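What you see is a predicted model; the values in this text were computed from it and never measured. Every number for a ligand or one of its atoms is a count from 1 in the order of the listing.
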Amino acid sequence: MTPNQAPFPGLRFRRLRRTAALRDLAQEHRLSVKDLIWPVFVTDVPGADVEVPSMPGVVRRTVDGVARAAEEAATLGIPAICLFPYTDPALKTETCEEAWNPDNLSNRAVRAIKAAVPEVAVMTDVALDPYNALGHDGIVRDGVILNDETVEALVRMALAQAEAGADILGPSDMMDGRIGAMRAGLEAAGHKDVAILSYAAKYASAFYGPFRDAVGASGALKGDKKTYQMNPGNSDEALRLVARDLSEGADMVMVKPGMPYLDVCARVKAAFGVPTYAYQVSGEYAMLKGAVLNGWVKDEVILESLMAFRRAGCDGVLTYFAPDVARILAR
Ligand code: PBG
């Protein structure tokens, strides 16, 4: 590109920044509500349908409330909702069987959304942590997170979610081999059109703290998730994980967290050219929202933070700001 540039004054970059119209014409990337997936928390625990203290502005919703949120998404033009359950602690066990109960909270919420607004895409979370008495994404035995036993459980969980009507399954567990096993299970059960958005490059991050409060997993979790989530010091490994998940049948891939891992987003999109998503996670939300609410920065930082993902090559972003973005873009 550089060789075609005239020297000054032939080239004056400010010519195309002079008016809003010229800036619009020269703009390379755009942010639209249509690029967003809105994560929402659902609960049926009496009294738990309140604001999450570490995520101001984010509430846990009842099943009915989640259906109303999906209606709001449709009105605002947000194409998809992603469900995360805050499970009754009494239903959490070390074997996690509530995860594949056809009538568990998440599956009831999927059905409620699909009955109310079928055109809104519903994404579900495939991981055992909301149902695990030990707070881990996998089954734990003698302090070890078991891979293959967990994958079997995840397939059961995925099938129950597909049966409930989920459009997109989001395996967030980081076990090895789960995409292939889930894809085979879905095909065998006739769910050939259910999409998998793999959390392919998911890092062991402290930015998930507020989420664990939101789903009630903080207290339960023993230890950390470093034996299955990625080391923040790696990025070649992210490309290998994406390649592996694509080869096993993932339709879309995700990098998570978002802002601290934009380099990984850019590398994944450049290397594979597949539908690529970032998750602007709970800790990112809390930092930005906290600063906005304190008046330290303007809410335009929200749009700027999301534009970064578009610039890095992401096709879309999971963000708790989705409804805020819709309102900011509309004004
Ligand atoms: C767990 C899961 C996590 C998030 C999504 N699914 C947390 C974790 O891995 O501990 C984090 C999302 C966020 O922080 O917003 N399966």
- Item | Proximity of V281 to ligand 1 by residue part, where a heavy atom lies under 4.0 Å | both

- Item | Centroid separation F211 to F41 less than 6.0 Å | yes

- Identify which of R212, E284, M55, H136 has a heavy atom lying nearest to atom 10 (O) of ligand 1. R212

- Task: Could you check atom 12 (C) of ligand 1 against the protein and tell me its nearest heavy-atom contact, residue, atom and distance included?
- Result: F211 CD1, 3.3 Å

- Nearest non-hydrogen protein atom, atom 8 (C) of ligand 1: K225 NZ, 3.3 Å

- Task: Considering the heavy atoms of Y279, write down every atom of ligand 1 situated less than 4.0 Å from one of them.
- Result: 12 (C), 15 (O)

- Just say parallel, tilted or perpendicular for the rings of Y199 and Y279, cut-offs at 30° and 60°. tilted

- Would you kindly say whether Q280 and S305 are connected by a side-chain donor-acceptor distance under 3.5 Å? yes

- Query: Salt bridge between D129 and R212, side-chain N to carboxylate O under 4.0 Å?
  - Reply: no

- What is the closest protein heavy atom to atom 16 (N) of ligand 1, and at what distance does it sit? S172 OG, 2.8 Å

- Query: Just by modelled atom types, is the V45 backbone N or O under 3.5 Å from a matching donor or acceptor in the D88 side chain?
  - Reply: no

- Message: Under 4.0 Å between a side-chain nitrogen and a carboxylate oxygen: does that hold for D251 and R183?
- Response: yes

- Query: Where is the nearest protein heavy atom to atom 5 (C) of ligand 1: which residue, which atom, and how far?
  - Reply: K256 NZ, 2.6 Å

- ligand 1 atoms in contact with D125 (distance to a heavy atom under 4.0 Å): 6 (N), 16 (N)

- Query: Salt-bridged, R331 to D299, with N to O below 4.0 Å?
  - Reply: yes

- Does any N or O in the side chain of S198 come within less than 3.5 Å of the main-chain N or O of V253, such that one atom is a donor and the other an acceptor? no

- Under 4.0 Å from a heavy atom of Y320: give me the atoms of ligand 1 that qualify, with their elements. 12 (C), 13 (C), 15 (O)

- Message: Looking only at protein heavy atoms, which one is nearest to atom 1 (C) of ligand 1, and what is the separation?
- Response: D129 OD2, 2.9 Å

- Taken in chain and number order and not counting sequence neighbours, the residues that satisfy ring-ring contact (aromatic ring centres under 6.0 Å, His included) with Y228 are H136

- Query: Tell me, which protein residue and heavy-atom name are nearest atom 2 (C) of ligand 1, and how many Å apart are they?
  - Reply: K202 NZ, 3.2 Å

- Message: Give the atom numbers and elements of ligand 1 that come within less than 4.0 Å of a heavy atom of A127.
- Response: 16 (N)

- Query: Which heavy atom of the protein is the closest neighbour of atom 14 (O) of ligand 1, given with residue, atom name and distance?
  - Reply: S282 OG, 2.7 Å

